[in-house]
Amino acid sequence: MSVNEIIEHALKGEILPRSVQIFGPEIALCLTILALLFVRMFEIHRRLPTNLVALLGALIAFLGVFSQFMYVKGGSEIPAMMALFQAWGLTPEGVGEVGPYFTGLLVHDQFSVFFRLGLCLFLVLMIALTVLSGIPDSEDGQDFYTLLIGSSVGMMLACGANHLLTLFLAVEMMSVPSYAMVAFQKGRRQASEAALKYVIYGAGAAGVMLYGLSLVAGVLGTASMPELAAQVSTAFAGGSFVLTNPVAVTLALGILMVLAGLAFKLSLVPFHFWCPDAFEGAAAEVGGFLSVASKAGAFALLVRFCIALTGNPDPSLAGLNLSLGIGLGVAAAVTATFGNLAAYSQKNMKRLLAYSTIAHAGYMLMAVSALVIIRGANPSGVPGLTSAGLDAEARRCLEALLYYLAVYLFMNLGAFAIVALIRNQIFSEEIEDYRGLAGEAPVLCVCMLICLFSLVGLPPLGGFWAKLEIFASLFQAGRVHWFMWVVLGIAAVNTVFSLFYYMRVLKSMFLTERPVGARSALVPFRSAPGLYVVMVSVPVLLLGVLAGPLSQTANNVARILLR
Amino acid sequence: MSPEIYSEVGSLLKWLLTAAWLLPLLGFLVEIFGGYWADRKSKVPAYLAVGCIATGFLLSLIALGTWVDAADMNLWAFESAGHSAEHGEGAEHGDDHEHATVAEHDHADAHDEEHHEHASADEHHGNDPLKTAFSGTFYRLGKFGRLDVTLDWYIDGLTVAMFAMVTLIASCIHIFAIGYMSDELTEHYEDHFVHLPGGRHFHRPGRFYRFFAYLSLFCFSMLGLVLAGNIFQVFIFWELVGVCSYLLIGFYVERHSASTAANKAFIMNRVGDFGFLIGLMVIWTWFGVFQFANTDPAHADQAGLFQMVRTHDGTLVTEGEGMEKTVSLQHIEGEARPSSIPYWLLTVAGLGIFAGCIGKSAQFPLQTWLPDAMEGPTPVSALVHSATMVAAGVYLAARFYPMFTPEVLLVIAYVGCITLFIGATIALVVTDIKRVLAYSTISQLGYMMLALGVGGWIAGLFHLITHAFFKSLMFLCSGSVIHGCHHEQEMTKMGGLYKKMPITCWTMFVGVVAICGLAIPFVTLPAIGAVAFSGFHSKDAIIASALTFSSLNPVHSLLFYVPLITAGITAFYMFRMWFMTFFGKPKDHHVYDHAHESPTVMTAPLLILSFFAIFVAVGGEAGPLVTLYGAAEPAHVAMGATDAGNIGLNLPSHEQIHNFHAQAGMAALLVAFAGTLLAYLFYASGAVDPGTVKRQFESVHEFLVDKWRFDVLYDWMWQRPVHVVASWCTAFDKYVLDGLIHGSASSVVKIAQWDRKFDEAVVDRSVNVLGEVTMSVANWFRGLQTGQLRQYVMLIAVSVVSLFVLVFIFFPGQ
């Protein structure tokens, strides 16, 4: 389909209203960017602060995605939501219909709506945090929010990627603004240096990934993801996935390179080197954004890519699935172990959280590897599991990942937000300077405790269920291939490791005296920052106590995606 | 009564009495919470409490009228010439006129011959209490197996009479307490009876509101007990009144004596309640029903306890002999319940329930808590420990009467007989004005129990109600004296107070005359009978029942002589108290000089109560009171029994009691006058010096002052053995168990020392090595992160290439 044809089709055909309808929230975000720039250009930002414009735009986009979510979930008949549905012009033929849009470049389904909802919620919370911590001042607010929102639009594209080209575009669109955001504190030498490293590293990874994409597309003859699996079968043409098959080797190389690009975004070992430097150099708010949102976008891409590759019922290709799954499992185990071990000796809180982010990416990757392993399994080859049982287990894996991401959104954002708020008080991010803070800012410290305990995975917090679900899916995957049990063992040991370095932070906060002469950090409960951190921490508690509704929703999303 | 009328009247009665019952609870809640936050000098809690209970009284009166109307009863029948309401049911059945003349003459006149002729004729008809009773269910708590645990109501003549009595007396006492407790209306109450080190007294905020809150809670519990329609519900409220009693006795909780007395009362009641629980278990197991009776024609198939044990005319249907004897249960259709209960188990159930009554009514051998309970404020003594709560035991025994076998009745009679004698004799020597009344209460409760035991159901309850009025009157009088004498309770320091407090003196006189049972001999009014206060009628009825019983069962003739003599003792100690308090020379001038009459708010209740103490029993056993609650008399009582039970007891019928009535009345009156005369000689005229008599009977006096040494006995019987056993247990603990534990502990310590060495050398070492290795790995990782951009970019290339090499190495082979 040539460009002309596409334009012809898009303008004249019935397809445009549906695509626009689905793409509404993204359009709203783009308009917000425009509004921000206009506000600055016409010098009305003193009367209309840019952060309010950004917050408003993000809220509108959030409501848009939320109405899509409810529409897709509950249908058009929810009385309380009718006004919202009408405002966004949702129709059964538009949003109500699941499937590709924009000529198949993007896909609209429950999975993408779920991720977009999370991203928009995160964007709203993020902007609220920057309002509280005041990291972009009123003069350059429009720049910061433009970058932030632009990057978010990229991530939302990533969630719906249905084409290898969109995949690449999305990765770049979420990466490029984040390079600039890392460097945002212009005066700091460290920030500029971190940004430079990040840019160069990113450029290298993008190059590798693009090469990989061209190899895959070249071998398979298509770049549309739903067709990949079928094309793999065709390309192999009866041959099997072995070393002597040149198609197989080329394909493997291509997949490896694509995964290397994604691994850069996910900061998996050995593509993680940028992460601690970038996090330390950037402001804590940006760190939070990179660790949660860009990771969520990258995981959405990874899941879509893996599912596109493994959707093949041809048993001769089981080797491809198995290799891919085990490879991911190895990467996950190494990443988690490395992240946890390296976090041990960190003295800077942001660096510690950077390594903790690496470790958590490892845990979440375990769920993806379990998913790939189970989907590639031959039902007759697994004792005690039927075909339906395998499907259920695959859903469980994806459910675990989605649940983990949802909890991770709150607990990691909470941790980074508290770091930022403490920095505003004591002008330091060293763990040593946190000593005895519990006496002065109890609400921050208690919320930090909730977030860190949840990161460890202690009950009754959300992190516990998230980890438990991942471990359970690993266990089930171990019935398909024993290696997953090894990964499970490593994950369990890692959980114990992680306890210590999180505990070290809490120990210095709660169990040591505040040194004489230290800067005081008085954040009362009844202040905007106090309420903000409580608002972010309460969902962590709630998701630990009431795991049912979210896991039900996640399971539903998984069911439709894997159908 | 047709079902429509039944349900109409029943629901009206239910709502009236439920409102009267729940109002004090509402009052309690408002008072306890409102009082806590409000001003401690406010009298509002008192007005609220009075308002609640007085409204309750009005509602009870309306209920009483409604019930009388529904039962189609003429309470004033005895006034219409030639017609009689002899047994209460007489008005309904409208039979023999001769009894009317008997009723009019029997106290004063010579014995009338014609009774014998009608005695046998009278045995054919019994009273049917269920015909005039209303029952129903408030709320079903749950069903456990076949047992339905419900909140029921049961309303008959006895219920409405008790409601009216309790609410009336409680209203008077509430009003009296406004004056009596007024020194609690302060932020800084100084308790002169609590001595702190350094000769100071204890200071605390006043607790006026709390007192009235407790009183309201008590009223709620007491009314709930009376309204309860099943034995389990009775037990619940039984415990609730116990709690209220505990709270009120311990009202001055800082006083050691008060808190000890509260504990004693509570614990001794638990002993009785243990028996109660056993009774409940037997009933649950064998009947599976707790309801007293089900009189609702709409649910005629669900029989209550009374309907199961006795037939319609009150007969106990038994089979077999001795231990094999069983009682057939009525009204049981095709269910998996046993249709009969062993006779001895029914006896055990009855004794168990009666054990609860022993505790609550302070009967022998659990009587010792009641005198100590006088530590509570005097209005409490008047309300809880004389008029209502302690009478609840008698009430329950009367209510549960159909379930009692003759053996149980005999036990009741003897327990009552022993109690009344012990109580009266101790009262002879006590010098604390409130304790005299307390022992007198024990003694009078013994009379009531005795009456129930010897088959005088009517007489026992008659005395319950008259006693409630005159004893609460006397307690309030003593309260007035104590208030006027600034909390002096020793009679040895009083004397000559009649000039200072005339109203108290003469209202007290009414009470004393009433309890002694004095009457003007040989004078009879045409429609009313003997000229006497209430106590005369009721005590007379008891003595008559006892005399009849002992003449039918000569073996048990003690059951007549002891109460008869005690009637004389009663007159003696009551007049002793009155003379010592109000007459003679003032013995302590400090007390005398500061004594004063109480304010109107305290004397007005005295006047009201003395009115009732005089007139409540007007008409005697033919009067409206007996007619009213007599309708609730169990069916089998009126005709008596011959050779009943395993022990062959003869129970008197109404007719037989009448035959002995005049004879008994004369004897009782004679003894009472003798006692009064003696008291006059001892304490008023000074003809006999009490001191000399005391010296002559030194040992007896001391025995009585020591309260028959019951406290010492219980100390030896229970406390000391428990202490001994406890010391054995301690020794066992100390030497055997602790020895074992210490031994094992020291061996554990030894093992632990070894283990520690092992730990340090092996386990810790290995963990440390692991930790060091981890740390060095971590440091190595840190070293990898050089921050050199060149290296990073190179690493991307190296990583991809090396990963690709790895993929090739592990690529699946052919």
Any salt bridge linking A/K265 with A/E172? Criterion: basic side-chain nitrogen under 4.0 Å from a carboxylate oxygen.
no

Starting at CG of A/L365, measure out to NE2 of A/H360 and round the result to the nearest 0.5 Å.
14.0 Å

Contacts with chain B made by residues 198-211 of chain A (heavy-atom distance under 4.5 Å), listed by residue number
A/I200, A/Y201, A/G204, A/A205, A/V208

Only distances under 3.5 Å count here; give the side-chain donor-acceptor pairs of residues 246-263 of chain A to other protein atoms, sequence neighbours excluded, each with its distance to 0.1 Å.
unit_1 : atom_1 : unit_2 : atom_2 : d
A/T250 : OG1    : A/P246 : O      : 2.7

Among residues at least two apart in sequence or on other chains, which ones pass ring pair (Phe, Tyr, Trp, His ring centres under 6.0 Å) with A/W485?
A/F475

Partners passing ring pair (Phe, Tyr, Trp, His ring centres under 6.0 Å) against B/F220 (at least two apart in sequence or in another chain):
B/W21, B/F237

Non-hydrogen side-chain atoms of B/T150 and B/F232 separated by less than 4.5 Å:
no

